[in-house]
Amino acid sequence: MALEVPDAWGLDSKVAVVTGGGAAGDGIGNGRAAAILLARAGARVVVVDRDLARAKRTVEMIEASGGTALALEADVTRAADCAMIVATAVDRLGRLDFLDNNVGIGSRGSVLDESEESWRRLMQVNVDSMFLTAKHAIPAMRRVGGGAIVNVSSISALRPRGLTAYSVSKGAVIALTRAMAVDHGAEGIRVNCVAPGPVYTPMVYGRGMSDAARERRRRASALGIEGTGWDIGHAVRFLLSDFARYITGHVLVVDGGTTLTAPQRDAGGAGG
């Protein structure tokens, strides 16, 4: 009997939605990296961002390499916008196979530091958005015989370090991932999670991170190297591809070994 071993990504002509797929300027954030890498593997990509100009820049980068993509402006905390994203993907590209839930915001401090308003906003952006996009995407995936979803969490969910509300929201993302994997596995829909460690992205350096803080983050890695958006994008593409056909409900930690080292309160930050 011939071994049925995938020898390709299995993404050709498939359609992927990447939320938070824009980035400042030509910077490479987690979502932009995933969108570009998915397109390079043959997927047609719907790049979603609240800032349409940023989404369009990602599309330009994809098209410059011969890929196919379209940009959408949307707020994924709104059910109507999530329904629009899926409807647009199906109407313009014919189907929906993959979803990369990449939107998230950060927060620092304990429960004593957090206001009720900021707590609720964090949960809305980091958790509700993934519930809403999946709720509308899964029926479209069913119609094409299955698909795959990746939700972006954080190592903060696995190793709390002074980012309490953020850690709680990213822990909820892991729980949501595992529950959806069970709920929809029989429908041919795989659901996995990527937990990034500290990565140097436009969201991080846009806040003016000092060289010293950046060096502390690098040293927090067991490998002694710095992560980038490309590292997260590669993990997302793998989990959406046929190479991961037997993987669901999994949390893939992409952190250079940071979770293996002694806790360092300044090693992480939002997005890691």
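- Of all heavy-atom pairs spanning Ala74 and Ile85, the tightest one is CB-CD1, 3.8 Å.
- Between Arg161 and Ser154, the closest heavy-atom pair is NH2-OG, 4.0 Å.
- The same ILVMFWY cluster, assembled from side-chain heavy atoms under 4.5 Å apart, contains both Trp9 and Leu240.
- For Asp49 (side chain) and Arg54 (main-chain N/O), no donor-acceptor pair under 3.5 Å exists by modelled atom type.
- Among all heavy-atom pairs drawn from Pro160 and Ser167, the shortest one is CA-OG, 4.2 Å.
- When the options Ile149, Val152, Val17 are evaluated for a side chain to side chain contact (heavy atoms under 4.5 Å, CB included) with Asn101, the one that passes is Ile149.
- The backbone N or O of Arg245 sits nowhere less than 3.5 Å from a side-chain atom of Asp242 that would complete a donor-acceptor pair.
- Here CD1 of Ile155 is found 12.0 Å from NZ of Lys170. Values are rounded to the nearest 0.5 Å.
- Counted by atom type alone, Arg32 and Thr58 present one or more donor-acceptor pairs between their side chains at under 3.5 Å.
- A distance-only check finds no donor-acceptor pair linking the side chain of Asn30 to the backbone of Ile232 [under 3.5 Å].
- Distance alone, capped at 3.5 Å, is enough to place a donor-acceptor pair between the Thr261 side chain and the Ala220 backbone.
- Clustering ILVMFWY residues whenever any of their side-chain heavy atoms sit less than 4.5 angstrom apart, transitively, puts Val127 in a cluster other than the one holding Phe131.
- Here the side chains of Met141 and Glu187 are not in contact, with every heavy-atom distance at 4.5 Å or above.
- Remark: Arg50 CZ is loosely packed, at most 12 non-hydrogen atoms of other residues, nucleotides or ligands lying under 6.0 Å away.
- The closest donor-acceptor contact from the side chain of Asp97 to the backbone of Val15 lies under 3.5 Å.
- Inter-residue side-chain proximity for Val47 and Val18 is flagged as unmet; no heavy-atom pair is nearer than 4.5 Å.
- No side-chain N or O of Thr88 forms a donor-acceptor pair with one of Asp91 less than 3.5 Å apart.
- At least one test fails for Arg217 against the ring of Tyr200: distance under 6.0 Å to the centre or angle within 45° of the axis.
- Contact check for Lys56 versus Leu52: side-chain heavy atoms found under the 4.5 Å cut-off.
- The CG atom of Asp81 lies 10.0 Å from the NE2 atom of His136; values are rounded to the nearest 0.5 Å.
- A donor-acceptor contact closer than 3.5 angstrom is absent between the side chains of Glu226 and Ser221.
- Summarising the local packing, CZ of Arg218 is surrounded by more than 12 heavy atoms from other residues, nucleotides or ligands at distances under 6.0 Å.
- A salt bridge links Glu116 to Arg120: one of the charged nitrogens lies within less than 4.0 Å of a carboxylate oxygen.
- Residues Trp230 and Ala33 come closest through the heavy atom pair CE3-CB, 3.7 Å.
- Between the side chain of Thr19 and the backbone N or O of Val48, no donor-acceptor pair lies under 3.5 Å.
- Annotation: side chain of Leu38 is in contact with side chain of Leu11 (closest heavy-atom distance under 4.5 Å).
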Checklist entry - side-chain contact (heavy atoms from CB on, under 4.5 Å) between Leu158 and Ile174: does it pass, once the steps are laid out? => result CA-CA 10 Å; Leu158 307 174; Ile174 292 175; 3.9 Å; yes
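- Counting only distance, with no hydrogens or angles, the side chain of Asn192 and the backbone of His250 share a donor-acceptor pair below 3.5 Å.
- Under the 3.5 Å distance criterion, the side-chain polar atoms of Thr248 are matched with a main-chain donor or acceptor of Val191.
- For the atom pair CZ of Arg190 and OG of Ser241, the computed distance is 7.0 Å after rounding to the nearest 0.5 Å.
- With hydrogens and angles ignored, the 3.5 Å screen pairs a side-chain donor or acceptor of Ser115 with a backbone N or O of Ser118.
- Side-chain contact check for Arg108 versus Asp113: every heavy-atom pair is 4.5 Å or farther apart.
- Using a cutoff of 4.0 Å between basic side-chain nitrogens and carboxylate oxygens, Arg57 and Asp26 are scored as salt-bridged.
- For the atom pair Asp75 CG and Ser129 OG, the distance stands at 9.0 Å (nearest 0.5 Å).
- With hydrogens and angles left out, the side-chain atoms of Ser65 and Arg40 include no donor and acceptor closer than 3.5 Å.
- One finds the CG atom of Leu37 at 9.5 Å from the CD1 atom of Ile62 (value rounded to the nearest 0.5 Å).
- Counting non-hydrogen atoms of other residues, nucleotides and ligands closer than 6.0 Å to CG of Asp211 gives a total of 12 or fewer.
- With Ser169 as the partner, the side chain to side chain contact (heavy atoms under 4.5 Å, CB included) test is satisfied by one option alone out of Asn126, Leu163, Asp128: Asn126.
- Distance alone, capped at 3.5 Å, is enough to place a donor-acceptor pair between the Arg44 side chain and the Ser13 backbone.
- Remark: Arg121 CZ to Glu114 CD distance equals 13.0 Å, nearest 0.5 Å.
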